[in-house]
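Below: one structure, written as structure tokens.
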Number of protein chains: 2
Amino acid sequence: MQRNAVVLLSGGLDSTTVCAMACHENRRVFALSFDYNQRHRVELQAAREAAKAFQVAEHLVLPIDLSLFGGSSLTDPNLPVERTVPLEEIGRHIPSSYVPARNTVFLSLALAFAETRNAEEIWIGVNRIDYSGYPDCRPEFIAAFENLANLATKAAVENGTRFSIVTPLLDLTKGEIIRRGIELGVDYSTTRTCYSPDQQGRACGVCESCLLRLAGFRDAGLTDPAPYANDPLV
Amino acid sequence: MQRNAVVLLSGGLDSTTVCAMACHENRRVFALSFDYNQRHRVELQAAREAAKAFQVAEHLVLPIDLSLFGGSSLTDPNLPVERTVPLEEIGRHIPSSYVPARNTVFLSLALAFAETRNAEEIWIGVNRIDYSGYPDCRPEFIAAFENLANLATKAAVENGTRFSIVTPLLDLTKGEIIRRGIELGVDYSTTRTCYSPDQQGRACGVCESCLLRLAGFRDAGLTDPAPYANDPLV
């Protein structure tokens, strides 16, 4: 029998690959995206295209305006996204694009979605290697959330559901993720990674997110098919 | 120096008392309420009145439409709120008013609010005794969330912030909560507890939430000053 799974689908490279992997593993996918007033809302259209391409059972785009809290260059148009950080510096500090408690909020809402859709699994594209220094991408954070999920819910306490947070990208490099996605038919021309795209949705090519993505394509021996506003730096 | 604290303020009896306690303990209070498409949205006006009465530093009412997930009589107008449950049966099962992962979602958003307001404390009115059987009101759930908060955030990982979830009502009976609130100047005529109020915002007097509240006033030797649509049953 097909198992139900919630997939956190931002529309970026990692989460779209995770969605492909869950479908490939024969999960019935309930995809969840967030309109959180992010400056790169163009990713939501990418998420819709991925959900359609993979024929997921349901795709919910939930509005949750995290800009009301402030404190992040991703949701505050007055704070600039850091640019031209040397690639080797990435991960050594937590960048301004950190959104306070974002993955805690996203996983919590994914848990609510999972409980109502009879899904025991929540798939998320966190990554140990190319993780940009975000604290809520680390394996110890994921383990703590899984523990919480199994105390928090009616499904776990009354029905014996055992929630698991599935992190298939955790130990892959960006290049490995891209190669796996290509095998599974991901069209990376429609995925959106840049935190600071232009009006046409073209990537800047110089923010941390772009640098990691471009280095990944280089490692995979491929050219990124997504549109860039400038010639990529790496 | 005054410490900053986030208080989860629904506008009900418990959370309003918690807000009074935090102010009494000389915290600078950042109150957070949620417009989650709950059927008893009248509580939000009560929250606003409490925030005003206690002169909190900031009161944020965040829209997050949990009815999109379904699965609860509190957010689905087609599911009836259970009524006339015998008082001694309350807590023996998880009622239909359980909202999937609600306190996980609320605490996650409170954590984002706390991080951006330099607050180390999140105060929440969960209660071990009169807790209606909700899994996300138990002390083990609260401890697991506190553990998560200290792994999830830039404040904890980079700045050494140590978040704590403060639960001053955990071991109090409803009667004790009310007596403490009266001492601290809470006006319970403006708090709203009922899950199924009428058009005028008057309490039904027969849902679980009303039964627990009314029993609390009885135990405290007081009459509930809030408006009821019918003569209360207890």
Side-chain angles (χ1 to χ4, degrees), chain A residues 30 32 36 60-66 68-72 75-76 93-96 98-118 133-159 163, chain B residues 30 32 36 60-66 68-72 75-76 93-96 98-118 133-159 163:
Chain A
F30 295 81
L32 182 59
Y36 61 99
L60 181 61
V61 180
L62 189 75
I64 170 72
D65 186 1
L66 298 183
L68 290 171
F69 298 131
S72 168
T75 58
D76 185 343
H93 72 295
I94 301 175
S96 71
Y98 168 74
V99 178
R102 183 174 62 177
N103 280 355
T104 313
V105 171
F106 287 179
L107 281 172
S108 299
L109 291 161
L111 180 63
F113 194 35
E115 187 168 22
T116 55
R117 298 305 185 269
N118 296 313
Y134 300 120
D136 49 1
C137 289
R138 298 175 302 158
E140 55 266 47
F141 165 77
I142 296 294
F145 189 87
E146 190 172 281
N147 175 53
L148 181 77
N150 286 301
L151 291 167
T153 46
K154 180 176 181 173
V157 171
E158 215 162 64
N159 308 334
F163 289 103
Chain B
F30 296 81
L32 183 58
Y36 61 100
L60 182 61
V61 180
L62 189 75
I64 170 71
D65 185 2
L66 298 182
L68 291 171
F69 297 131
S72 169
T75 57
D76 184 343
H93 71 297
I94 302 175
S96 71
Y98 168 74
V99 178
R102 183 173 64 178
N103 280 355
T104 313
V105 170
F106 287 179
L107 281 172
S108 298
L109 291 161
L111 179 63
F113 195 36
E115 186 169 22
T116 55
R117 299 305 185 268
N118 296 313
Y134 300 120
D136 50 0
C137 289
R138 298 175 301 157
E140 54 267 47
F141 165 78
I142 296 294
F145 190 88
E146 189 172 282
N147 175 53
L148 182 77
N150 286 300
L151 290 167
T153 46
K154 180 176 181 171
V157 170
E158 215 163 61
N159 308 333
F163 289 103

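Numbered from 1 within each chain, the chains take letters A, B, ... in sequence-line order.
In this structure, CG on A:Leu109 lies 4.5 Å from CD1 on B:Ile64, to the nearest 0.5 angstrom. In this structure, the separation between OH on B:Tyr134 and NZ on A:Lys154 is 9.5 Å, given to the nearest 0.5 Å.
Looking at B:Leu148, both its backbone and its side chain come within 4.5 Å of chain A, counting heavy atoms on both sides. Using a 4.5 Å cut-off between heavy atoms, B:Asn103 does not touch chain A at all. Looking at B:Leu107, neither its backbone nor its side chain comes within 4.5 Å of chain A, counting heavy atoms on both sides. For B:Glu115, the part lying near chain A is the side chain, with the backbone staying farther off; criterion is any non-hydrogen pair under 4.5 Å. Of the two parts of B:Tyr98, only the side chain, counted from C-beta on, holds a non-hydrogen atom closer than 4.5 Å to a non-hydrogen atom of chain A. B:Val105 touches chain A through backbone and side chain together, each having a heavy atom under 4.5 Å away. Contact annotation for B:Arg102: neither backbone nor side-chain heavy atoms come within less than 4.5 Å of a heavy atom of chain A.
A donor-acceptor pair is defined here as one N or O able to donate and one able to accept, closer than 3.5 Å; no such pair exists between the side chain of A:Glu140 and the backbone of B:Leu151.
Chain B forms more heavy-atom pairs under 4.5 Å with one residue of A:Gly70, A:Pro100, A:Ala155 than with any other, namely A:Pro100. Between chain A and the residues B:Asp65, B:Val99, B:Leu66, B:Leu111, the largest count of heavy-atom pairs under 4.5 Å involves B:Leu111. For the options B:Thr153, B:Asn150, B:Asp136, heavy-atom pairs under 4.5 Å to chain A are most numerous at B:Thr153. Ranked by heavy-atom pairs shorter than 4.5 Å toward chain A, the options B:Ala152, B:Gly71, B:Ala144, B:Ala101 are led by B:Ala152. Ranked by heavy-atom pairs shorter than 4.5 Å toward chain A, the options B:Phe106, B:Phe141, B:Phe145 are led by B:Phe141.
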So A:Thr104 and B:Thr104, side chain to side chain contact (heavy atoms under 4.5 Å, CB included) or not? Walk me through it.
CA-CA 9 Å; A:Thr104 313; B:Thr104 313; over 6 Å; no
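Put simply, the side chain of B:Leu68 does not reach to within 4.5 Å of the side chain of A:Phe113, judged on heavy atoms.
Considering only residues two or more places apart in sequence or on other chains, B:Ala110 meets the side chain to side chain contact (heavy atoms under 4.5 Å, CB included) condition with B:Val6, B:Leu8, B:Leu32, B:Ile122.
Counting all heavy atoms, side chain and backbone alike, B:Val157 lies closest to A:Pro135 at CG2-CB, 3.7 Å.
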